[in-house]
Structure formats: C-alpha cells, structure tokens
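Keep in mind that what you see is a predicted model, and the values were worked out from it rather than measured.
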Amino acid sequence: MVRLTIADGIAEVVLDAPYRLNAVDEQALEDLSTAYDAAADGVRDGTVRALVLRGEGRAFCAGRNLGSIEPGSDDAYGFLAAALTPLLRKMAAFPAPTFAAAQGACLGVGLGLLMATDVVYVASDAKIGSPFANLGLILDSGGHWLFTERLGPHRALDLMYTGDLMSGAEAVAGGLFSRAVPAGELLALARAKAARAAGGPLQALVASKQLVGRIRDERLGLWQAISAENDAQGTLGASEDYREGLEAFREKRAPRFGV
C-alpha cells in the first residue's frame with residue numbers, strides 16, 4: 001500500500017493502491033507512519049534532505065477506505081484520534097522540507113495528508129473537497145480548519161453543506177495550496193522543487209518551517225514573529241551552512257550545502 005524510496009537526498013513516499021483510488025485504512029496509516037519514521041532516520045544520517053508524497057494512479061487519495069466498514073460498529077473516533085491525528089502531527093513535524101503532488105481525488109483523509117505537507121502542488125483538474133454531506137458525517141482530518149482559514153466561513157460552509165468539489169485550479173486560486181499545473185507536469189514539478197530544497201541549507205529551511213508553523217498555530221503577532229526570527233538567525237549565524245553561503249557569496253560561486 002505504501003512504498004518508500006530514497007535517492008539523491010530525496011525520500012519519495014507513495015500511496016500505492018490505485019485500484020481503490022489510494023483510499024486508506026488503519027494499516028495504510030501505520031505503513032505511512034513507518035515510512036515517515038524511516039525517512040526521518042535518513043534526515044538524521046544525512047541521506048534525506050527533502051521528501052515527496054504522491055499517490056499512484058489516477059487519484060492522490062480518495063479518503064478513508066469505506067468498503068468494509070459497518071456503520072453501527074465503526075469506531076470513527078478511534079480511527080481519527082488514535083491513528084490519523086498522530087500521523088498528521090508526525091508528517092507536519094518532519095525534520096526537512098516536504099512536498100506533495102496531488103492528482104485526481106483528494107478527499108477527506110487525503111485532504112488531511114496534503115494539509116500536513118509543507119508545499120502542495122495539484123493537478124489543475126484535481127477534485128478537492130468534502131463529500132461528507134452524502135454520508136451523514138462531517139469533514140474531518142483538519143478540513144474545517146483548512147477551509148475556514150483559507151476560504152472563509154461562508155465558502156467553507158457552502159462546500160460542506162453541498163458536498164461540491166473544487167478543481168485543483170480553484171483550490172489554488174482560493175489559497176488552499178501552492179500551485180496548479182496540468183496533470184502531466186505535476187510529478188516532475190514536485191520532484192524538481194524537492195531537489196532544489198534538498199540542495200539548500202537544511203537547517204535554515206527547517207527553521208523557516210518551524211517559524212511558519214508557530215505563526216499559524218500560536219497566532220504570533222508581527223513583533224513576536226520578528227523576535228522569533230532574531231532568535232533563529234542568531235542560531236543560524238553559527239552554522240556550517242552560513243559559513244559556506246557567505247564564502248560562496250564572496251567567491252561569486254554557487255553554495256554547496258550539505259556536502
């Protein structure tokens with residue numbers, strides 16, 4: 001269901017159940033968690049400097065696999081609180097830049113996996129949203145926060161009440177994700193951007209990732225954010241990457257980070 005490959009400083013995590021549109025169950029979430037743990041080990045030993053998440057086939061992830069669920073006995077709370085939420089936290093805290101390439105259906109849990117990724121590129125014709133009104137459930141996996149924060153409460157409730165889906169292009173225009181491109185260009189774009197990040201100053205990139213997370217989660221004001229930037233810059237000033245970057249600037253050459 002989940003594959004992990006590591007090459008040229010990039011870990012690629014692949015949802016590999018295209019026959020069910022990469023819909024996930026508890027085992028798939030466990031496999032994803034294991035893959036992220038292995039990739040994080042790679043960051044620590046220097047073999048991983050960026051990560052790409054993608055889905056095999058015509059969909060990124062159609063959400064939770066509902067095929068074998070019995071409504072009267074389903075433990076939806078357990079699936080979300082015990083299995084999914086810890087995974088989303090782990091993904092969001094991954095110690096290197098993360099990128100996602102999302103095509104086709106990006107629904108429910110699939111939307112949550114994208115939300116927990118640093119940079120998301122989507123196919124222009126991807127299908128993104130909340131079909132939960134048709135199931136008698138609510139949007140989960142952080143979807144209420146994502147829609148309300150990025151689209152505003154009126155548009156968020158419009159999508160939740162109706163179950164209408166946005167295209168990838170509409171989602172990017174609304175500020176949900178970074179960029180929409182034709183499906184045939186999607187994976188190459190994500191891999192190229194991940195390769196660029198993998199060649200960058202890892203400690204500085206992670207510092208920016210953490211600061212953006214604090215601004216989002218702690219609602220830092222301007223002066224609080226500036227103070228946090230000052231602290232981070234003070235730490236980075238003693239790093240090997242800064243030394244290399246400064247030497248490269250003076251020598252008028254490209255820096256060689258992580259070498």
Side-chain angles (χ1 to χ4, degrees), residues 11 13 29 32-33 36 39-40 43 49-54 60-61 63 80-81 83-102 106-122 126 128-130 138-160 166 168 170-180 190 193-194 196-198 200-236:
V13 178
L29 297 183
L32 270 171
S33 182
Y36 272 75
V43 176
R49 296 176 61 84
L51 180 146
V52 173
L53 174 66
R54 68 179 182 89
F60 170 70
C61 175
L80 295 170
L84 179 61
T85 301
L87 171 63
L88 297 180
R89 287 184 176 274
K90 178 180 293 187
M91 292 173 62
F94 188 77
T98 61
F99 299 81
C106 309
L107 309 174
V109 175
L111 192 62
L113 298 179
L114 296 180
M115 187 186 65
T117 303
D118 298 340
V119 179
V120 177
Y121 303 119
V122 295
I128 297 164
S130 168
I138 64 168
L139 178 60
D140 54 39
S141 311
H144 279 77
W145 180 91
L146 181 67
F147 281 9
T148 304
E149 180 76 7
R150 306 286 173 78
L151 303 175
H154 293 283
R155 181 64 173 142
L157 288 173
D158 181 4
L159 292 167
M160 293 173 195
M166 293 177 285
E170 290 170 332
V172 169
L176 287 184
F177 302 123
S178 179
R179 191 177 305 182
K193 295 295 187 179
R196 183 172 179 178
L202 180 59
Q203 190 175 346
L205 299 183
V206 171
S208 286
K209 171 176 180 165
Q210 293 170 343
L211 182 53
V212 168
R214 288 190 60 196
I215 292 169
R216 177 196 64 207
D217 296 339
E218 300 174 28
R219 298 294 183 179
L220 299 186
L222 172 61
W223 304 112
Q224 292 172 307
I226 286 176
S227 178
E229 289 171 344
N230 295 345
D231 292 341
Q233 206 74 300
T235 299
L236 292 168

Which distance, rounded to the nearest 0.5 Å, do you find between the [atom1] of [X] and the [atom2] of [Y]?
X    : Y    : atom1 : atom2 : answer
M160 : T148 : CE    : OG1   : 5.0 Å
L107 : I128 : CG    : CD1   : 8.5 Å
L139 : L146 : CG    : CG    : 8.5 Å
L211 : R216 : CG    : CZ    : 11.5 Å
L87  : L32  : CG    : CG    : 5.5 Å
M115 : C106 : CE    : SG    : 14.0 Å

Check: [Y] and [X] side chains under 4.5 Å, non-hydrogen atoms:
X    : Y    : value
S178 : V119 : yes
L113 : L88  : yes
L53  : F60  : yes
L151 : L159 : yes

Shortest non-hydrogen separation from [X] to [Y] and the atoms involved:
X    : Y    : answer
L84  : S141 : CD2-OG, 3.2 Å
A83  : L29  : CB-CD1, 3.8 Å
A102 : A126 : O-CB, 4.1 Å

Checking the side chain of [X] only, and the main-chain atoms of [Y] only, is there a donor and an acceptor separated by less than 3.5 Å?
X    : Y    : value
R49  : A96  : no
T98  : T117 : no
T85  : L80  : yes
K209 : P97  : no

(request) Name the orientation class of the two ring planes belonging to Y36 and F94 (parallel below 30°, tilted from 30 to 60°, perpendicular beyond 60°). (result)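 Perpendicular, since the angle between the ring planes exceeds 60°.
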
(message) Heavy-atom count check: over 12 atoms from other residues, nucleotides or ligands less than 6.0 Å from Q233 CD?
(response)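 It does not: Q233 CD has 12 such atoms or fewer within range.
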
(message) Determine whether R196 and F99 satisfy the following criterion, side-chain contact (heavy atoms from CB on, under 4.5 Å), listing intermediate values before the conclusion.
(response) CA-CA 11 Å; R196 183 172 179 178; F99 299 81; over 6 Å; no

(request) Tell me, please, which residues at least two apart from E170 pass salt bridge (charged side-chain N to carboxylate O under 4.0 Å, His left out). (result)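 Here no residue qualifies.
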
(message) Holding to salt bridge (charged side-chain N to carboxylate O under 4.0 Å, His left out), I want the full list of residues that pass it with R219, two or more places apart in sequence or in another chain.
(response)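 Partners of R219 by the salt bridge (charged side-chain N to carboxylate O under 4.0 Å, His left out) criterion, ordered by chain and then number, come out as E149.
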
